[in-house]
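Data first, discussion second: the structure below is written as structure tokens.
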Amino acid sequence: LMEELLDTELVKRAQQGESGAFDILVGRYQTKVTQLVYRYVNDTDTAKDLVQDIFFKIFRNLVKFKGEAKFSSWLFRIAVNDCIDHIRRRKVRKEQSLDTWRESGFDVADTHKDRDVAANLEASDERALIRGVMEQLPEGQRSVVVMKIYQDMTFDEISEILEQPVSTIKSRLYKALNTLGSMMRQKQFIEGGGS
């Protein structure tokens, strides 16, 4: 049965044009990739679109896969890089739209009041609070948190995916957890009225 084959054998067959082999690889990793992507973008529709793009990219680049790393590491590296690119593009679009508002004569500072009220209401939900804090982490730290805590990957797996030494991964996780902890306490203190 093809389902019982190892990734390396399925990759070989997919590279030779067996579409069924690629379908099995997609089935094997789709859920984990979707969970990973969702933790980055926090939006189901955006996550679905990104996952489709990621698997299309993997299909297109499968011929380049030489087996130097595990297939799963290679796949997750593509997924993480796509998520980081998406976040960067989103940040640029946000900045451009703020500039457009300023050029149109709107005072962007005035619009913050409404947004702050909405953000505070949403932040009463703990998941929204964590999501907001996660978005403020540097990309490298956020990647490690998503893979270690939400994907339950080992330090070795993360090290291979990000092509960084395990010591760097552990250091990033430690810094990220410290930052998350202090930011969560700060937000809860502010939103709780400083009591």
- Task: Would you mind reporting whether R60 and F56 have side-chain heavy atoms less than 4.5 Å apart?
- Result: yes
- Verdict with supporting geometry, L62 and F71, side-chain contact (heavy atoms from CB on, under 4.5 Å): CA-CA 10 Å; L62 202 57; F71 173 75; 3.9 Å; yes
- State plainly whether one hydrophobic cluster holds both F155 and Y174, where clusters connect Ile, Leu, Val, Met, Phe, Trp and Tyr through side-chain heavy atoms under 4.5 angstrom apart. no
- Starting from the C-alpha separation in whole Å, work towards a yes-or-no answer on side-chain contact (heavy atoms from CB on, under 4.5 Å) for E9 and R13. CA-CA 6 Å; E9 185 56 36; R13 289 182 180 210; 3.3 Å; yes
- Message: As an exercise, state the distance from OG of S171 to CD of Q141, rounded to the nearest 0.5 Å.
- Response: 8.0 Å
- Item | Verdict with reasoning, W74 to N61, per side-chain contact (heavy atoms from CB on, under 4.5 Å) | CA-CA 11 Å; W74 180 75; N61 290 299; 4.0 Å; yes
Would you tabulate the side-chain donor-acceptor contacts of residues 142-149 under 3.5 Å, counting partners in other chains and residues two or more places apart, or write 'none'?
residue	atom	partner	partner atom	Å
R142	NE	M134	O	3.4
R142	NH2	E135	O	3.1
S143	OG	Y40	OH	2.6
S143	OG	E139	O	3.0
K148	NZ	M153	O	3.2

- Task: Ignoring hydrogens and angles, tell me if any N or O in the side chain of E160 forms a donor-acceptor pair with the backbone of K70 under 3.5 Å.
- Result: yes
- Message: For the CD1 atom of I158 and the CZ atom of R172, what is their distance to the nearest 0.5 Å?
- Response: 10.5 Å
- Taking E3 for its side chain and I24 for its backbone only, find out whether a donor-acceptor pair lies under 3.5 Å. no
- Taking Q15 for the side chain and F65 for the main chain, is one N or O donor matched with an acceptor at less than 3.5 Å? yes
- Is there side-chain contact between L1 and E4, with at least one heavy-atom pair below 4.5 Å? yes
- To the nearest 0.5 Å, what is the distance between CZ (R89) and CD1 (I84)? 12.0 Å
- Query: Looking only at heavy atoms, which two atoms of V33 and A79 are closest? And how far apart?
  - Reply: CG1-CB, 4.2 Å
- Task: Determine whether T34 and K48 make a side-chain contact, defined as any pair of heavy atoms from C-beta on separated by less than 4.5 Å.
- Result: no
- Message: Between L75 and F55, is there a side-chain heavy-atom distance shorter than 4.5 Å?
- Response: yes
- Query: Looking at side-chain heavy atoms only, is the closest gap between L10 and F22 below 4.5 Å?
  - Reply: no
- Task: Mark yes or no for whether E157, through its side chain, and T154, through its backbone, hold a donor-acceptor pair below 3.5 Å.
- Result: yes
- Spell out, as yes or no, whether a donor-acceptor pair under 3.5 Å connects the side chain of T168 to the backbone of Q164. no
- In Å and rounded to the nearest 0.5 Å, what is the SG to OH distance from C83 to Y38? 13.0 Å
- Query: How many angstroms lie between OG in S159 and CD1 in I169, if you round to the nearest 0.5 Å?
  - Reply: 5.5 Å
- side chain to side chain donor-acceptor pair (under 3.5 Å) contacts in which one or both residues fall within residues 19-33, not counting sequence neighbours: D7-R28, D7-Y29
- Task: Give the intermediate values and the outcome of side-chain contact (heavy atoms from CB on, under 4.5 Å) for residues M2 and E18.
- Result: CA-CA 11 Å; M2 217 185 320; E18 269 188 64; 3.5 Å; yes
- Task: With rounding to the nearest 0.5 Å, note down the distance linking CG in L50 to CG in D43.
- Result: 9.5 Å
